[in-house]
Amino acid sequence: MAFSAHLGSLTDELIEVITSASSQADPTRYDAWKESSLRRLRQHSFLRTNQFEVYSALEGYEERFRVLNRDGLADALGDRLDALAQCSNKWTPDVLHFLLKLADKPVQKSSLDDLEALKRPQVTPVPTLKWSDIAKEDGWDGDGELWRNVDFAGYSSDDGYYDDQSDASAQSEDTSPSSVEARFRKQPTDYLERVQTQSGLDEIRMSQAWRHRKPAKNPVNESQKIVITEIQAIREILFMLRSLENGLFDSGGTPLFDIQLSHASPQIFQSVLTSANDARRELSILREYAKQRQAIPLLQFFQAAIEDRLRSFDNTIATMQTHYASISQDFVASIITLSNDLDCHLRPLRFLAEIINKLEQPKIIQPFHCLELLFDSAQELQLEGDESVYHFISQLFFECFAVYLRPIRLWMQSGELIEDDETFFISRSPVDVPRSRVWADQFKLKRTTEGSLFAPRFLQPAASKIFATGKSIVILKLLGKHWPVEKEVAEPATQVDMGTISSLIPFSEVFQSMFNRWMRSKHHAASATLRQTLFQTYSLWSELDMLQHIYLMSDGSRSDQFAYAIFKNIDSLNVYWHDRFNLTEIAREAFDGLIDPYRLNVNSSCNTAVPNVNNVRRSVRDGLPLIRVVYRLPWLSRIVLTDESLDHYQSVFTFLLQLRRASYILTRYRIVSGGSVRKSAEQEIFYGLRSKLLWFCNTLQSYLSALVLGPLVGNLQEEMRQAEDIDKMLVSHSLFTKQMVDEACLGGKLDPIRQAILDIFDLAIRLYDACQLQLQRTVGETQLSVMSPPGENSFNGYAKSDDEELEGEGDGDISPDEQGKGTMTQDAEIPYGQELREIRADLDRHLKFIAGGLRGVARASGSRAASKWDILAEMVEVGILGTSMT
């Protein structure tokens, strides 16, 4: 009820002010207006002003004022906000919000002079006339006798009594009020005016005449030198240190040697002036640098910090001047004492001047070089044991580093970059890239012309973690799993008070402890969230398993089904063996139930002319490398599984497919047992070559499976589990694919060895073609005079394998006549035995080359794969030794 009554009274007042109507003049209209107003006020749906946004906006103005070098305006705003906090109420945010809406470019149009108009005018009260003022004007305010009672009695015999009494009291201590007044009573001489005579004025002029002297023609001549007192020299030195005009140095700062002290030798005084001039020169370096115009916020703050230190030094000089000017007690004015008092204040500024000299070298272009110089100087000072200067420089470093942390904090918290920031070491590509390429291509680390990272040296070890954290935030934003920080607050982890830290702790450890503590608070949360999303939501483990099934052929039955279907099309001289629809259908059938069909595609990268199917059948080099398997990955998984890594998978897949091609050719026929089989020298050579080629293929398959792919996949899984962020997972997977290529003898250094291995694979096809050609000759000449038992289709002890027979029942065997002599790699004019001997010679030569080459590369290389190459060489040498023994 009280609220309703209060609201009704306020509504009445509002209606009367706006409409100038009253309830007595027009009660009907007045009641209608009042009812309408009350209804709207009670049923309004407007929300209260967000006080946090209001105060955040005001603090943003304050920070912007400071960035634009308007510290006075920022201080005034901060003082008034602090004062307002003491007397605010619930309507304060609404009032401030209203004022913010009325603001019109406050950064450009605000002026401190306008604040004077807000002050209440000071009314000077009219002074009242008092007797004390009149007494001061007339000069009788201190005359105590004026107000004493006068004894008008005549002279009588009682005077003797009073005289005796006065004499007695004069001998004792008089403590009466009249005696106290008489003590401070002015004497007639006090009223005498002291007249300034010409001699006094001349004395003052003479004491300052040396300041307006003419330059001496011969300053070395003792007779032409002017003698001054030590207090005068101190005065001029203090003026000089504050960059004011003085009489000991000219306008260029050069000491004037035509002046000497009254009690010191000229050499000592010149030494004092030279030392003071050195201090002046170092201070002038700082003062000149403070006057320069800087556009980079870091250098602006560094400049403001120098101005603050110079202001503190000038206050110290002013305190010393006060000490010498207002003498409260006797002291000895000494230049040596002054030098000792100034030394503790000048030493930090001297080191700061050296830093400025190094900073202004023309070859230095990095805007953050001041941080590097401060960091190095702090370390040097700590080693020298100069604690006061060490604390001075190190505290200045941490203050400037807090400014450099602003873009780093914004990057690590929001994944954003400050536009046109010249100090940060991360840049954004002007062109947007696909989501899968954001991690690798959207952001880059800046590099100098020499190739080094564009960041302070002490920060470079942590640059990669900073870079990864910000990119993690960017990816989380794309996933919708990041919430921006509403308000930036001061973080205690970045604030270091060097006065509370022991000087025994190395400065580098102090910095690393502070920065690592701050980094952990930013890095861990983003990396953990992204890692959890990658493994749980996007199933990275499952994607890695699918890559191993498809490219590394970890499932032998499915891989054989896929590969053998391709080989049959090639052996049947199907000109459409490379058709991408056919290849894709074969792959999807082979991996049915394991992989989603829509994610698997196979094509042939025939950019120009399609290779002849006869050439593809003769060699593993012509057609099989053209088969490209494409497995579609989610965009987030593509961040770790890069295009380069997938190319390495493809290289291993091609090599395994070529190995399976050779094994497939060699296992198409088997040895026929039985007493009716005729044996010959060619058969022994043929079966020896076939066994040796099978041994080589099986050895290579065992090496790849047991020594290369198996251990590397196990190590990859362990490293991926222990990886803290995406970058480490990406590096681990990239290293895994590179090691896989190197250990599989597919690297650039082992290209001759890989070519020799492919030559051996071609020898398997060549051996099969030689056998087929000999079969055609035998059929033509003897019409299969010696036959194997029915169903085995043998000749001279050679028959198709069981698998071939079973497959031939459904598909129909391809006879030698159907394949044609044009598909054979052997020259028809070369005898069968000679062809077998040439194949054996080539095989032995290639095996020796492979073994020797692997040994040599393993000894010369220092890579991890060297030990694996050495093992493979031993495995190959076993076959070579077995051949030499037979």
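Heavy atoms only: backbone and side chains are in, while hydrogens, waters and symmetry mates are out.
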Examine R661 relative to F567 and say whether NZ or CZ is less than 6.0 Å from the centre of the six-membered ring and inside a 45° cone about the ring axis. yes

Which atom of A462 lies closest to which atom of F515, heavy atoms considered: CB-CE2, 3.6 Å

How far apart are the C-alpha atoms of E416 and K477, what are their side-chain angles, what is the distance that settles it, and do they pass the salt bridge (Lys or Arg N to Asp or Glu O under 4.0 Å) test? CA-CA 11 Å; E416 299 175 359; K477 281 186 173 181; 3.4 Å; yes

Can you tell whether the side chains of D560 and R660 come within less than 4.0 Å, N to carboxylate O? yes

Is there side-chain contact between L478 and L636, with heavy atoms separated by less than 4.5 Å? no

Can we say D725 and K728 salt-bridge, meaning some charged N sits less than 4.0 Å from an Asp/Glu carboxylate O? no

Donor-acceptor pair, R558 side chain versus D592 backbone, under 3.5 Å? yes

Check: Q658 side chain, L758 main-chain N or O, donor-acceptor pair, under 3.5 Å: no

Measure across I473 and Q413 and return the closest heavy-atom pair with its distance rounded to 0.1 Å. CG2-O, 3.9 Å

Please find the pair of heavy atoms, one from N582 and one from N569, that lie closest to each other, and give the distance. ND2-ND2, 3.4 Å

Residue R580 excluded, over 12 heavy atoms near CZ under 6.0 Å: no

Are D376 and R457 ion-paired here, with the side-chain N under 4.0 Å from a carboxylate O? yes

Determine whether a donor-acceptor pair (N or O, by modelled atom type, separation under 3.5 Å) exists between the side chain of T737 and the backbone of S734. yes

Quick one: do R599 and E543 satisfy salt bridge (Lys or Arg N to Asp or Glu O under 4.0 Å)? Show the steps, please. CA-CA 11 Å; R599 300 182 63 182; E543 304 299 341; 2.8 Å; yes

Can you tell me if S651 and T654 form a side-chain donor-acceptor pair at under 3.5 Å? no

Verdict with supporting geometry, F454 and T423, side chain to side chain contact (heavy atoms under 4.5 Å, CB included): CA-CA 8 Å; F454 188 76; T423 59; 5.9 Å; no

Trace of the side chain to side chain contact (heavy atoms under 4.5 Å, CB included) decision for L100 with L58: CA-CA 8 Å; L100 286 174; L58 292 173; 3.7 Å; yes

Tell me whether the NZ or CZ atom of K465 lies within the 45° cone about the ring axis of F467 and under 6.0 Å from its centre. no

Check the side chains of S508 and Q512 for a donor-acceptor pair under 3.5 angstrom, ignoring hydrogens and angles. no

Would you call R638 and D643 a salt bridge, using N to O less than 4.0 angstrom? yes

Side-chain donor/acceptor of D579 to backbone N/O of F581, under 3.5 Å: yes

Side-chain donor or acceptor of E62 paired with backbone N/O of G78 under 3.5 Å: no

Go through the steps for F507 and F398 under the test ring pair (Phe, Tyr, Trp, His ring centres under 6.0 Å), then give the verdict. CA-CA 11 Å; F507 179 72; F398 281 112; 5.7 Å; yes

Using side chain to side chain contact (heavy atoms under 4.5 Å, CB included), reason through S429 and D441 one step at a time and then give a plain yes or no. CA-CA 7 Å; S429 173; D441 298 334; over 6 Å; no

Between R588 and N601, is any side-chain donor less than 3.5 angstrom from a side-chain acceptor? yes

Side chain to side chain contact (heavy atoms under 4.5 Å, CB included), that's the test. Do N69 and Q300 meet it? Break it down for me. CA-CA 8 Å; N69 202 18; Q300 289 177 347; 5.9 Å; no

Residues K446 and I426: closest non-hydrogen pair is CE-O, 3.8 Å

Should the pair F397 and F511 be assigned to parallel (<30°), tilted (30 to 60°) or perpendicular (>60°) ring geometry? perpendicular

Over 60° means perpendicular and under 30° means parallel, so classify the ring planes of Y649 and Y551, tilted if in between. tilted

Side chains of E360 and Q292: is there a donor and an acceptor less than 3.5 Å apart? yes

Taking the side chain from Q650 and the backbone from V629, do they hold a donor-acceptor pair closer than 3.5 Å? yes

Over 12 foreign heavy atoms within 6.0 Å of CZ, R447: yes

Kindly indicate, with the supporting measurements, whether the criterion ring pair (Phe, Tyr, Trp, His ring centres under 6.0 Å) is fulfilled by F301 and Y404. CA-CA 10 Å; F301 185 87; Y404 187 78; over 10 Å; no

Any side-chain to backbone donor/acceptor pair from K471 onto W439? Under 3.5 Å, distance only. yes

More than 12 heavy atoms of other residues, nucleotides or ligands under 6.0 Å from CD of E422: is that the case? no

Closest non-hydrogen atom pair between D742 and G747, with its separation: OD1-CA, 4.0 Å

Please confirm whether R721 makes a cation-pi placement over W541, using NZ or CZ under 6.0 Å from the six-membered ring centre and within 45° of the ring normal. yes

For atom OH of Y61, decide whether the heavy atoms of other residues, nucleotides or ligands shown that lie under 6.0 angstrom number more than 12. no

For the pair R64 and E59, find out whether any cationic side-chain nitrogen is under 4.0 Å from an anionic carboxylate oxygen. no

Could you tell me which non-hydrogen atom of I639 sits nearest to which non-hydrogen atom of L730, and how far apart they are? O-CD1, 3.0 Å

Can T537 and T533 be counted as having a side-chain donor-acceptor contact under 3.5 angstrom? no

Quick one: do the R621 and Q755 side chains pair a donor with an acceptor below 3.5 Å? yes

Residues S557 and D555: side-chain donor-acceptor under 3.5 angstrom: yes

